[in-house]
Amino acid sequence: MTTTTPPTLAIPGQLLGPASRYQPGPGTHLHESNLHASLVGQVHITQPARALGPAKRLTKITPAPAPAELPTLSVTPATQLASAPSREKKKREVLPEVGNVVLCRVIRITPRQAVVAILVCGDTVLEAEWQGLIRVQDVRATEKDRVKIYESFRPGDVVRAEVISLGDQTNYYLSTTRNELGVISAVSEAGNTMVPVSWKELMDPKSGLMELRKVAQPQ
Amino acid sequence: MNDRRRINGPAGATLAPFFDDAAPQDLDTRSTRSRPPNATRKLLLKTGVTPSASGSAYLEIETSAKPGLSGLKLSCSVHGPRALPKSAPFSPHIVLSTHVKYAPFATQQRRGYLRDSSERDLGIHLETALRGAIIADRWPKSGVDIIVSIIEGDQDRETSKLQGDEVWDMMNTLSGCITVAAAALADAGIDCVDTVAGGVAALVQDADDGSAPSIAVDPIPSEHKRILAACCVAYLPTRDEVTNLWFRGDLPASDLDLYTSLVGHGIQASKNANRVLIDCLSGTVG
Amino acid sequence: MSNDRPLVLPGETIDLSLIPSHPKNPLRLGPGLRHIPPSDIVPTAAGELITNPVKNSMWVEYNSNRYIPSQNDIILAQILRSTSDFYLCSLAPHTPPATLPHLAFEGATKKTRPVLLPGQLVYARVSLANAHMDPELECVHASTGKADGLGPITGTGCIFDVSLGFARRLLMARPAQDGGLAVLEMLGGEEGGGMAFETAVGRNGRVWVGSASARTVVVVGRALQETDRGRLGVEGQRRLVKKLVREMS
Amino acid sequence: MTATTTPEATFGVLPRADGSARYSHAGYTVTGSVNGPIEAQRREEHAYEAHVDVVVRPAAGHGGTRERHLESVLQSSLAQIILVKSFPRSLIQIVLQVENSPENDYVNTKLVQASLNFGIMPALMQTAVLALLSAGVPMRATATGTAVAIMHQDGAKQTMVDPSPRDIEKARSVHVLAFTSQDELLLAESEGDFTVKEWDLVYETARGICCRSRPQAKEGMAMLLDDESTGGPDMRQFLRSTMESKVAADLHWK
Amino acid sequence: MAGPTISLPAPIFAKISPHPFLVRSLTRSTAADHPPCRANGRATQELRPVRFNATSLSHAHGSALVRLGDTTVLCGVRGELLPVERIPQFRPVDKEELRQQGENNNGNCGDAIGRGELRDYDLLVPNIELATGSAPQFLPGVPPTTLAQTLSTRVYSLLHSTGLVQAGDLKIWYSPKEQRRGEDVEMGGTGDKEDGDEEERPVAYWVLYIDLLFVSFDGNPFDVAWAAVVAALRDTRLPVARWDPDREVVVCSKTERRRLNVRGLPVACSAAVFMEKEQSEAGAGPREGGHWLLLDPDRLEETLCKEVITMVVDCSDDETRIKSLEKQGGTLLGRELIRGYAGIAERRWKEVRTAME
């Protein structure tokens, strides 16, 4: 077993270090009690104190969570590095996970639910569009039984929501119950960008007409 | 039968040009292998050729000195991970789908637009080769498309008469597909346990004098009198695992170790390809 | 064609003199017109521009076959299936189903709600219609809680498709005078030998004809459809009724 | 030209459809049917507007890549005059069946494929507009279109309206233009060999045919098409008088 | 989305509301020193440079690889033989007609014959393949999409209307006299009597399969595809072929190759109209708000624009000739703008010519 320090650059399969000294982070995997890279990129050692960024479902990699005090090894693709020029900067795809706050656009509404396309997860712009559902009972915390989808969302609205479940084969389940969640930008029936006036109303500045929404409290 | 979605050629089928001064002695003056039997041809590999894709790569096998002998040219693009089609059932891991297609002008015989059996075979072999390398459970409910376009097949333009060569060409093509796809997957940032690469070894007979056949890696059919058998190996170097093995032809029953050593040579070839792959990938970082 | 009801085509500019200007009532735009802020009113269909200075309303009168739900329309819907808390019903072929809540009937509660089977007809009002959602129906007045004639259609009868314009004429207060439509009165009157039947007309171009005698249902239905398709005037309608009665007996 | 020089149209030729029209002009006869707004299939459903689906069926044989191209040209133009945003997620389907066309589509007993068919484009466009009007599909405007060719006869240039397939064969350049009822240029397709000056000439000619401002005096009554001035029919007047008689028939009871 | 989204980082803003994002980048300059531009960093009138890369495809008779920004197309031209006896209802065109054609070749009517042959016998077969993983929206293994079919049709149509290739170049003649001279000896000269009157006749045609493979797709497919077709045809060398009367087949020379003579250099130049205000029914028509003519639109811009224009020009002669004009999907491009567009197309033509030579 080598006790040398991990390399700075890694190629998939490359040995990074023993599991006894590091715990696996994004871009790595465990094989025969050793950490190997699973991506091309730069190797980072994160000391346990600092929490790591968008966790890549560690549970799937380590059957039993490794002792907390171990530093975490991760591999970050070159394209994702800050150093890369913004033009080429192509974020590596991530998946929405329970607890993530996502930005999505409303595609379709029914009395039961709003169907949305998830566009941004955390601070990562997604390449693919993942479909999500905001069910009528997950729109707001109070007076759940009085909620009407049509008075909360309209197709085209941009909504900030939280992932509450992996959902079914096609949809992630989302919630907007918290105050800071809900519609962050919407266009009126007349086609003008509206401004929030209350937690449940937006106004078309041109026509002065009000429209009902579950409005996100500005952060 | 007219394809209504394409522009069709003349109703009466057209003929590939028939060469008059195609000297019959062609068979004899066929090029003989200049490389040592355990040497592979020079491989050129480049990632990021398709910016609009999640990941992509281009592979070219250097054309040998002899003119008219075309080297393999492959372009591969990876799309995903992305949402599965609505119809698809729930999948706890990523769903791999591979497509291999010859360009119409890639080979001696003009290729049709619809995928034929050999293209489907290549696709299936490629899929199994890659499935063993990808860490699939990191991407639940998602799919990835891996598309390889064969811009030029590994084939000698002149040797139209040599039938059966197709099969051996496919071996080289597949090993190229595996290597180029591995590069594209890494470029797309899809987690893999290792870098998989392809390699081919063949049992060839070069002399007519009944002498024992020899093993050559990365064979070019036109450089050998006869190819008795060949295998294409997809191999993970750091794990020392074979994810896919494709064997064609028949071996003399006399020598039982022949098969093992053939595969062994295939792995050797794969390791050579892997070096190129690693250099290429290392170049993209730092 | 008289000039107080001029022909308009989509996108044409409407002569301002034609736009009613009532001191108090706000201007109400009916079908076939759209308002482009600030002050343009533009036709969206080809038809006659009708204005009503008293009601201060205007619309484009034209005939068509495709029903587009609009709030407070009275329609004939057919139950497709039932979900946990509402029925899905069809208003017209090839359109997304409308929802009819189980409790949107007079005096309906979780226990007493009417149980309707697929294929059954309901006479209902469009309670919600907008571009973003499938329409919603009700068989009870939200305010009064009364059905006023709405609800499941009972009794033996049959449903007939007619053009939307024809349905609108049937729904007029005085079809004979305003709509030039006397065929039903005739069938009930001496021309028809006093047939006994009832009808329910939906704005979605559907007419239900009910009668104890199946034959009567057929005759009335045919009478309506042929009056519609044949664009018959009152005289034509009389002749048609006579003919049908003759054939029947 | 052997074929009719004045356009003709009849409505309601397909009673099952929401709207339909048969239109004949310059040797082309096209029957169009319109259905919609109806429920769209998921894959062709647009979240924020109606999907306009145009199907062109040739007089002989099956449609090929040429029809797909015609369809996409018509689709992008018609979607401009239909109020698509009013019917999100729905489908407006327009089927255009070519009944007969002056040219014989078969050469060497096989279909001539792919090359654009300029002659037929105006007829298809006009039929679609008429069928949409008869279906009462809400629209932003109406549209009129025409085909113009530039011929070179012994050195002299001359424009020709509604050229026959033979003329098109000989023409130096062929053009199809369509205008909205607000006199905006909606569609312009040209092929051959021409200069900006020549195109200008074509534009003028086409505009004269498509956008003749309608005489206020005769306002109201259906009239014969005046065919003299620019050597082409007055398409807008044709559209208006045609609709006039249709509406009058529909509202006979008034 | 003026209000809230401003606070968001640019890439996120671009993703959740691309239209307003493009409007903003076109209206507000990011820095004092450079004016507002498109989201891709280009000025509205700025075209991506076009690059022609030499390719050698050993199984094709001609090929070209053309790059326009991130759009890359590979074109392979391949000739196959079509013997006249395989053509149903073949009607030979005699030398006389051709001579006429030759004379008034610049005149239009003469070409008609050749054009007829090209079309009637389907001698030019262009097809475009997008489903190569060139972009996420093109799914692999599916039949050609409407876009692919439309592109193929436009290329096919332009190939014929421009007369880029002439039927004469694709025709293979058999002239008994010339070929027999050598043989006279053993034939004892009697041959002349028997078939001396045998006329020179066409025996076969070359059919050109022109296949376009999109390696990478980032908008403006037609301009690139057409440029690739022209370049590949100019690169095409067909084997010299002759009729062998004994074997009754057309035989090709392995060594001798003849270059196809390609007439003119038509160049396509496309643009899309971007509206400041997304058309909404309740709101006003397209006239409200500003608009921009985005030359050589990329993939994102194409999704945000409805009205498009393509003009194909050839400035080989002193006077600029327009070979094709396609404007559709909107009402903004009127007479004046289209007139002015010819100038832009000329500019593009010059760029492409220099890039090609």
Side-chain angles (χ1 to χ4, degrees), chain B residues 3-23 49-54 56 58 63 67-71 73 75-80 82 85 97-99 101 103-108 110 113-115 123 145-149 151-153 155 157-158, chain E residues 56-60 63 70-72 74 76-83 85-88 121-127 129 131-136 139-141 143-144 148-149 152-153 155-156 204-205 207 209 211 213 215-218 238-239 241-242 244 249-255 299:
Chain B
D3 180 343
R4 275 186 230 145
R5 299 195 188 82
R6 291 191 174 82
I7 292 171
N8 298 287
T14 54
L15 315 161
F18 167 75
F19 290 104
D20 167 31
D21 40 25
V49 291
T50 306
S52 41
S54 317
S56 60
Y58 174 80
T63 315
L69 184 62
S70 77
K73 291 189 183 70
S75 153
C76 173
S77 63
V78 170
H79 292 284
R82 56 182 175 187
S97 61
T98 53
H99 307 260
K101 185 82 193 76
F105 45 74
T107 52
Q108 186 78 52
R110 186 166 181 279
Y113 293 110
L114 307 173
R115 273 200 290 173
D145 290 296
I146 298 154
I147 306 118
V148 180
S149 307
I151 292 164
E152 190 145 284
Q155 191 183 54
R157 188 206 297 149
E158 315 299 352
Chain E
S56 63
L57 298 179
S58 34
H59 298 299
S63 63
D70 285 348
T71 300
T72 310
L74 176 65
V77 176
R78 182 152 159 156
E80 292 206 344
L81 290 162
L82 175 66
E85 63 267 19
R86 286 204 181 189
I87 304 174
Y121 308 150
D122 296 314
L123 302 183
L124 304 174
V125 192
N127 274 295
E129 188 57 83
T132 57
S134 57
L139 299 173
Q149 296 184 51
S152 301
T153 309
V155 167
Y156 178 99
Y205 289 88
V207 172
Y209 292 93
D211 283 291
L213 222 66
V215 178
S216 176
F217 182 95
D218 188 24
L238 289 172
R242 58 172 185 80
D244 181 332
V249 287
V250 175
V251 290
C252 302
S253 153
K254 221 178 209 174
T255 48
R299 195 158 110 250

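Chain naming here is simple, since letters A, B, ... match the order of the sequence lines and numbering starts at 1 in each.
How far OG1 of B:T50 is from CG of E:D218: 11.5 Å, rounded to the nearest 0.5 Å. Between the CD atom of E:Q149 and the CZ atom of B:R4 there is a distance of 11.0 Å, given to the nearest 0.5 Å. The OG atom of E:S134 sits 6.5 Å away from the NE2 atom of B:H79 when rounded to the nearest 0.5 Å. In this structure, B:Y113 OH and E:D211 CG are separated by 3.5 Å, a value rounded to the nearest 0.5 Å. Annotation: the span from E:S58 atom OG to B:E152 atom CD amounts to 3.5 Å, rounded to 0.5 Å. Rounding to the nearest 0.5 Å gives a distance of 9.0 Å between CG of E:L74 and OG of B:S75.
For B:R110, the parts sitting under 4.5 Å from any heavy atom of chain E are the backbone and the side chain alike. The part of E:V207 that comes within reach of chain B is its side chain, from C-beta onward, which places non-hydrogen atoms under 4.5 angstrom from that chain. The contact between E:L139 and chain B is made entirely by side chain atoms (from C-beta outward), counting heavy-atom distances below 4.5 Å. Heavy-atom distances place both the backbone and the side chain of E:P140 under 4.5 Å from chain B.
Take E:R86 and apply the salt bridge (Lys or Arg N to Asp or Glu O under 4.0 Å) test, not counting sequence neighbours, and it matches no residue.
B:I7 and E:S152 get closest at one heavy-atom pair: CD1-O, 3.4 Å.
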